[in-house]
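Single-structure report; data block below.
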Amino acid sequence: QVHMVESGGGLVQAGGSLRLSCAASGRTFSNYAMGWFRQAPGQEREFVATISWSGGSTWYANSVKGRFAISRDSAKNTVYLQMDSLRPEDTAVYYCAADASPGRWLRSSLPSYEYWGQGTQVTVSS
């Protein structure tokens, strides 16, 4: 059974930084693209960032480009999201996800991802 566990969320002041981690177990995702999504209260879950199976390519939502960085350590079956220059509008529950199929190119749509974590809360105060 696949488990994906996010960690690293918390409360931070605007302009601060957090690093999220997502550790996967039950399956090796070294050949899968991985992604981060977020959901703010009353809003739909939205794409944040994704990284290719090789780690060589990334894609970001315009709202976080230049502030967030996604990376992965395939040996640890873990994906990270470094979040800098945080803003109050970044407040949300952040979810990691693994693509439904191996070897596919970067995708931003939720249905493309099959495995999801339970989420970690990120709160940015002004």
Side-chain angles (χ1 to χ4, degrees):
Q1 187 174 2
V2 175
H3 290 284
M4 302 182 70
V5 180
E6 302 95 337
S7 61
L11 174 64
V12 64
Q13 289 188 333
S17 298
L18 285 174
R19 189 191 194 209
L20 306 183
S21 299
C22 173
S25 61
R27 172 175 289 191
T28 299
F29 287 106
S30 58
N31 292 329
Y32 291 73
M34 303 289 289
W36 285 95
F37 293 77
R38 67 186 181 185
Q39 187 168 17
Q43 298 187 21
E44 295 184 351
R45 193 170 299 188
E46 66 176 7
F47 167 74
V48 174
T50 183
I51 187 167
S52 64
W53 64 270
S54 68
S57 297
T58 56
W59 182 17
Y60 298 92
N62 288 335
S63 58
V64 306
K65 196 175 299 182
R67 300 187 297 120
F68 290 11
I70 188 172
S71 61
R72 67 188 299 164
D73 185 336
S74 292
K76 295 182 178 180
N77 222 20
T78 299
V79 62
Y80 305 96
L81 186 68
Q82 177 67 41
M83 306 186 295
D84 298 322
S85 302
L86 282 161
R87 305 168 179 169
E89 54 264 38
D90 295 318
T91 295
V93 177
Y94 283 71
Y95 300 89
C96 67
D99 199 338
S101 299
R104 298 202 299 186
W105 192 235
L106 302 177
R107 297 166 187 263
S108 63
S109 65
L110 272 68
S112 297
Y113 294 82
E114 181 173 356
Y115 305 99
W116 293 84
Q118 293 301 305
T120 185
Q121 176 70 47
V122 171
T123 303
V124 185
S125 63
S126 58

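Source: prediction; values computed, not measured. Residue indices begin at 1 and follow the sequence shown. Both backbone and side-chain heavy atoms feed into the values below; hydrogens, waters and symmetry mates do not.
- Here Tyr115 pairs with Phe29 under the ring-ring contact (aromatic ring centres under 6.0 Å, His included) rule; sequence neighbours left out.
- Here the straight-line distance linking atom OG of Ser57 with atom CD1 of Ile51 works out to 8.5 Å at 0.5 Å rounding.
- Residue pairs that meet the disulfide bond (SG atoms under 2.5 Å apart) test with at least one member in residues 17-111, sequence neighbours left out, are Cys22-Cys96.
- With sequence neighbours excluded, the residues that form a side-chain hydrogen bond (donor to acceptor under 3.5 Å, both in side chains) with Ser52 are Ser54.
- Residues Thr91 and Val122 have side chains not in contact (no heavy-atom distance under 4.5 Å, counting atoms from C-beta outward).
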| request: Could you please spell out the steps behind the side-chain contact (heavy atoms from CB on, under 4.5 Å) verdict for Ile70 and Trp36? | output: CA-CA 8 Å; Ile70 188 172; Trp36 285 95; 3.5 Å; yes

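- Every residue two or more places apart in sequence or in another chain that forms a side-chain hydrogen bond (donor to acceptor under 3.5 Å, both in side chains) with Thr123 is listed here: Gln121.
- The side-chain heavy atoms of Arg38 and Glu46, taken from C-beta on, include a pair separated by under 4.5 Å.
- Scored by the salt bridge (Lys or Arg N to Asp or Glu O under 4.0 Å) test, Glu114 finds no partners at all (sequence neighbours excluded).
- Atom CZ of Arg104 is separated from atom OG1 of Thr50 by 10.5 Å, given to the nearest 0.5 angstrom.
- Note on Val2: it clusters hydrophobically with Tyr32, by side-chain heavy-atom contacts below 4.5 Å among ILVMFWY residues.
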Side-chain donor/acceptor pairs under 3.5 Å, residues 80-89, sequence neighbours excluded:
residue : atom : partner : partner atom : Å
Gln82   : NE2  : Asp84   : OD1          : 2.9
Asp84   : OD1  : Ser17   : OG           : 2.8

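- Residues Met34 and Asp99 have side chains not in contact (no heavy-atom distance under 4.5 Å, counting atoms from C-beta outward).
- A distance of 9.0 Å separates OH of Tyr94 from CG of Leu18, quoted to the nearest 0.5 Å.
- Among residues at least two apart or in separate chains, salt bridge (Lys or Arg N to Asp or Glu O under 4.0 Å) pairs with a member in residues 62-71 are Arg67-Asp90.
- Applying the side-chain hydrogen bond (donor to acceptor under 3.5 Å, both in side chains) criterion to Arg19, with sequence neighbours excluded, gives no partner residue.
- Here Trp59 sits in one hydrophobic cluster together with Phe37, Phe47, Val93, Tyr95, Trp105, Leu106, Leu110, Tyr113, Trp116; the rule is ILVMFWY side chains under 4.5 Å apart, joined directly or through other members.
- Judged as a side-chain hydrogen bond (donor to acceptor under 3.5 Å, both in side chains), and not counting sequence neighbours, Asn77 has no contacts.
- Using modelled atom types, no side-chain atom of Ser30 and backbone atom of Thr28 make a donor-acceptor pair closer than 3.5 Å.
- Met4 and Ala24 make their closest contact through CG-CB, 4.2 Å (heavy atoms, listed as atom of the first residue, atom of the second, distance).
- Counting only residues at least two apart or in different chains, disulfide bond (SG atoms under 2.5 Å apart) contacts with residues 31-61 are absent.
- Under the 4.5 angstrom side-chain criterion for Ile, Leu, Val, Met, Phe, Trp and Tyr, Trp53 has no cluster partners at all.
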